Each structure stands twice: as C-alpha cells, then as structure tokens.
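Down below is the structure, laid out as structure tokens.
Residue numbers start at 1 and run along the sequence shown. These numbers come from a predicted model, not from an experiment.
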Amino acid sequence: MQITDKNSRTFKIILIIYALLYILAGFNHFISTKGYYAIMPKWLPYHEILIYLSGVIEICLGVLLLFSKTRKPASLGIILMLLAFLPAHIYMIQIAPFMLGKILVTPFIAWMRLPFQALFIGWAWYYYCKADKQISSPAVSL
C-alpha cells in the first residue's frame, strides 16, 4: 500500500505521528517554559504569554490535524505557525553558541533547525493538499 493512499494504515500512522509531534511540542511549552525564554527574540513583547499561547496553538492544531474535516485548516494553521516561529530560529542563529538548559546549541545546530522547519512546512502542505480528498473518518480510527 502506498503512503499517499488516505485509506492506508501507513498514511494514518504517519499522520498520527505528525500530529503527536505538535501535541507534545505544545505541552513542552508548559513543561520547559524556561528554555523558550532563551530563544525568544528580545524585540518580541510578552514572552510568557507568547510561550503559553504558542503551546496551546500547537496542541490544538495537532489535535485538529487528526480529523478529516479539520485537517485542511489545521495544516494551514501549522504552516502559518511555523512561519511565525522563524524569527525565533533566526534569533537562535544570531546568539549561538548558547546553553539551552543542559544542551549547548552551536551555530551548526541552530542553522540545522531551518531545514527542519522547511521539512515540517512541506509536511503540513502535503496534508493541506490531500485534505480535499480525505476519507470521512478520523485518522485515529485505525
């Protein structure tokens, strides 16, 4: 079975993994809040509110991605969210090397985050394009 077949088990499993990445990343905003302060550009206001808000948004978009009726807007929301996170990634490049908790973020590591952002945007775009042809059941019903 092909991954692109929306009825395939593989398609659903990969979709669930992608959604879980956002759900877990969103919860991490509440668990590791302190680490997010280190990567917030100084020119952004209200760091604490933005950290928690982005966590809530990631969780919501991850959950909405699981259902065929909300997959297209969730995919678009993820793309927009990832674009909104670009200033933080650029800021990380500018301030590297720095310690993020116990992890040393080198310039190389900071730069490597950008291709991953592109990959995640492409992944969301894939689900955005496939959403019109989705099956009517939620992804969680394997």
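By the criterion of side-chain heavy atoms lying less than 4.5 angstrom apart, applied directly or through intervening Ile, Leu, Val, Met, Phe, Trp or Tyr residues, L61 is grouped together with W125 in one hydrophobic cluster. No path of Ile, Leu, Val, Met, Phe, Trp and Tyr side chains, each step under 4.5 Å between heavy atoms, connects L50 with I78, placing them in separate hydrophobic clusters. A single hydrophobic cluster is not seen to contain both I90 and F116; linkage of ILVMFWY side chains at heavy-atom distances under 4.5 Å, directly or through other members, places them apart. With hydrophobic clusters built from ILVMFWY side chains whose heavy atoms lie under 4.5 angstrom apart, Y52 does not share a cluster with L44.
A donor-acceptor pair is defined here as one N or O able to donate and one able to accept, closer than 3.5 Å; such a pair exists between the side chain of R71 and the backbone of L65.
Here the two rings, on Y127 and F11, have centers that are under 6.0 Å apart.
Atom CD1 of I121 is separated from atom CG of L83 by 4.5 Å, given to the nearest 0.5 angstrom. With rounding to the nearest 0.5 Å, the separation of OG in S68 from NZ in K130 is 15.0 Å. Rounded to the nearest 0.5 Å, atoms CG (L82) and CZ (F85) are 7.0 Å apart. The structure places CG of L86 at 12.0 Å from CE of M92, a figure rounded to the nearest 0.5 Å. Distance CZ/F98 to OH/Y91: 8.5 Å, rounded to 0.5 Å. Annotation: the span from K42 atom NZ to H47 atom NE2 amounts to 6.5 Å, rounded to 0.5 Å.
Nearest heavy-atom pair across A96 and A110 is CB-CB, 4.1 Å. Between A38 and I95, the shortest heavy-atom contact is O-CD1, 3.6 Å.
Within the structure, the side-chain hydrogen bond (donor to acceptor under 3.5 Å, both in side chains) test picks out no pair touching residues 75-84 (sequence neighbours left out).
Within the 4.5 Å cutoff, the side chain of L114 has heavy atoms near those of the I93 side chain.
Among V105, L104, I109, the one residue that satisfies the side chain to side chain contact (heavy atoms under 4.5 Å, CB included) test with P97 is L104.
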Donor-acceptor pairs are to be reported for all side-chain atoms of residues 17-35 against protein atoms at under 3.5 Å, with residues two or more places apart or in another chain.
unit_1 : atom_1 : unit_2 : atom_2 : d
Y18    : OH     : Y22    : OH     : 3.0
Y18    : OH     : F120   : O      : 2.8
Y18    : OH     : A124   : N      : 3.3
N28    : OD1    : S32    : OG     : 3.0
N28    : ND2    : Y36    : OH     : 2.9
H29    : ND1    : I51    : O      : 2.9
H29    : ND1    : S54    : OG     : 3.0
H29    : NE2    : E58    : OE1    : 2.6
T33    : OG1    : H29    : O      : 2.6
T33    : OG1    : F30    : O      : 3.4

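Scored by the side-chain contact (heavy atoms from CB on, under 4.5 Å) test, L76 finds L80, Y128 as partners (sequence neighbours excluded).
For Y46, the OH atom counts as loosely surrounded, since its 6.0 Å shell holds 12 or fewer non-hydrogen atoms of other residues, nucleotides or ligands.
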